[in-house]
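Accompanying notes for the structure given below.
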Amino acid sequence: MSLNDSWMQRDLAVLWHPCTQMKDHEQLPVIPIRRGDGVWLEDFDGKRYLDAVSSWWVNVFGHANQRINQRIKDQLDQLEHVMLAGFSHQPVVELSERLVQITPPGLDRVFYTDNGSTGIEVALKMSFHYWRNSGQPNKQRFVTLTNSYHGETVAAMSVGDVALFTDTYKPLLLDTFKVPSPDCYQRPDGMSWEEHSRNMFAHMEQTLADHHREIAAVIVEPLIQGAGGMRMYHPIYLQLLREACNRYDVHLIHDEIAVGFGRTGTMFACEQAGITPDFLCLSKALTGGYLPMAAVLTTDKLYQAFYDDYSTLRAFLHSHTYTGNPLACAAALATLDIFEQDRVIEANKTLAAHMATATAHLADHPQVAEVRQTGMAVAIEMVADKASKTPYPWQERRGLKVYQHALQRGALLRPLGSVVYFLPPYTITEEQIDFLAEVATEGIDIATRASVSVAVAPGAPANFHDPG
Ligand SMILES: *Cc1c(COP(=O)(O)O)cnc(C)c1O
C-alpha cells in the first residue's frame, strides 16, 4: 500500500471532514499532504499540487514561507499565549497599531476573534448593541445581498444566502432583509459593470427608505461574492451604499474576510470606493494563511457608545478564548512586513494582467458564459447554454470533473459549482499561471464534453454552489 493510501485509510476511520459528503470518499481520494513549499503542496507519495486556491483563500505568500516561519519561531520562544482580558502583549499592540494605520481613516479600534465567522458575529452584535446603547433599540435587523456568504455560525449564516450552506437551517436563522445582488454576471447584454451596479442599487435604496427605522446595519462582501461563485460588481455600489447608510443612519459592515489583503488589486476593497465602513471584518490572509485569527475594526464613535461606568451595563462582554493569540499576531506582523518590503500590491498588477491574458481564450469556449476578473481573482463560468446563460444542473457536479482532472495534472483547483477560479498565492510565477490556465482549459473541455445523467429534483435551489 502506498503511503498516501495508508494515511487516507487512517484518516477515513476517524475524521469527519468539513464541507464534505463523506460518502464521496468511497470514490474520491483524500490527499494527505506531507509538506508545503511556496505554491506547492506535496503528498506522501511525492506528488506535487500547485495550490491555485490558496488553501481556501488564506495563503498569500506561499507555504512554509521563511520570513513568516522565523517570526513565529521567535515568538514561540517568547510567549505562546496569554488571555487578552486584563492582559496584553507586544505583538497584539503592534498589530493593532498597524491595522489602524493601513486601513481607511476612521477605523481606530480593533477587536479580535479566532475565525472569520465569529468576526462577523462580533460586527453584528456590536451594531445591534450600539443602537441599544444609543437609545434606538428598534434598530435590530440586518440587510444582506442575495448570493452572499458570511460564514457558518448561526448569525453569520442568517446574513448569508448561499442555499447549499443555509437552506437546511432556515428555522434557526434571524429574519433579514434580502436585497438583489449587484452581481454583474446578471447584467443585460452590452451594459457596463458600473451602470448595472448603479441600477441595482435602486433595490437597496428602496429597502433602506422603507425600513431604516428597524435596520441596524447592511452587510456586504465588497466587490466579490466569493462562496456565491466569485460573482463581481463595481465599486460604485459601495460608494452609493456608504452615502445611503449615512443618510438613513444605518451601519455599513464590510466583510473583507476573503477580499482583504490585496485580493481585489488594492490592499482593501473599500479603497476602490474611497469609503470607510463602520465595521471592517478581516481574517483569512491576515496571518498569511498560517493561523486562525480575525480582526474587526470599527470607529471611535462606535467605541464611545460602549464606554461608560461598569454598572450601566453598556460594555461589550463578548470573548473568544484564543482572542489575540500572540503566535497568530506574529504571523500577521510578518505578513504585513512582506506586503510593505516587497511592494506586493504594485507587483501584483503584472501578475493580474498575466492571469487575464492566460485565461482570455476561455471566453470563446462554447460552454463558458464569462471569464471575469477583479485583481488577483479570476473566475470562469461553465454553462449548459452560452447564449441564454443556462446553468448546468448542480447535481451534475461538472466542477468536480475539473477538480479531478487538475489533481491528476498536479494542481489544486476546487471549483464552486460550475465556476472554475484561480485565487493563487501572490508568489506564483507567470509560468505557473500558464500551467494553471492549461490545466483549467483541459479540465473545462473534459467536464463540459461529458454527458451526465442525473435525476434533477424539482424545486432545487438555483444558487446551489456545490464546492465539491
Ligand atoms: C471564509 C469567509 C467567512 C468565514 O470565515 P471562517 O474563518 O471560515 O469562519 C466569512 N465571510 C467571507 C466573505 C468568507 O469568505
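Throughout, numbering of the chain's residues begins at 1 and tracks the sequence. One-based numbering, in listed order, for ligands and for the atoms of each. This one's a predicted model, so the numbers in the text were calculated from it and none came from an experiment.
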Between ligand 1 and His150, can you find any atom pair, the residue atom being a heavy atom, that is separated by under 4.0 Å?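 True for this residue.
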Which ligand 1 atoms does [X] reach within 4.0 Å, using its non-hydrogen atoms?
X	value
Glu221	13 (C)
Ala258	15 (O)
Gly151	4 (C), 10 (C)
Asp255	10 (C), 11 (N), 12 (C), 13 (C)

State whether the shortest distance between N or O atoms of [X] and N or O atoms of ligand 1 falls below 3.5 angstrom.
X	result
Trp57	no
Ser117	yes
Lys284	yes
Gly116	yes

Using every non-hydrogen atom in the two residues, find where Met204 and Val218 come nearest and quote the distance to one decimal.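 Closest pair (atom of Met204, atom of Val218, distance): CE-CG1, 3.6 Å.
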Which heavy atom of Tyr112 sits nearest a heavy atom of Leu99, and at what distance? OH-CD1, 3.9 Å
Using the ring centroid of each side chain, check whether Phe61 and Phe339 are separated by less than 6.0 Å. yes
Run the salt-bridge test on Glu381 and Arg231 with the 4.0 Å N-O cut-off and return the result as yes or no.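 Looking at Arg231 together with Glu381, the answer is yes, because their closest N to O distance falls below 4.0 Å.
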NZ/NE/NH1/NH2 to OD/OE distance under 4.0 Å, Glu194 and Arg198: yes
Should the pair Phe111 and Phe316 be assigned to parallel (<30°), tilted (30 to 60°) or perpendicular (>60°) ring geometry? perpendicular
Would Leu336 and Glu340 count as a side chain to side chain contact (heavy atoms under 4.5 Å, CB included) if you check the C-alpha gap in whole Å, the side-chain angles of each, and the deciding distance to 0.1 Å? CA-CA 6 Å; Leu336 293 182; Glu340 220 174 270; 5.9 Å; no
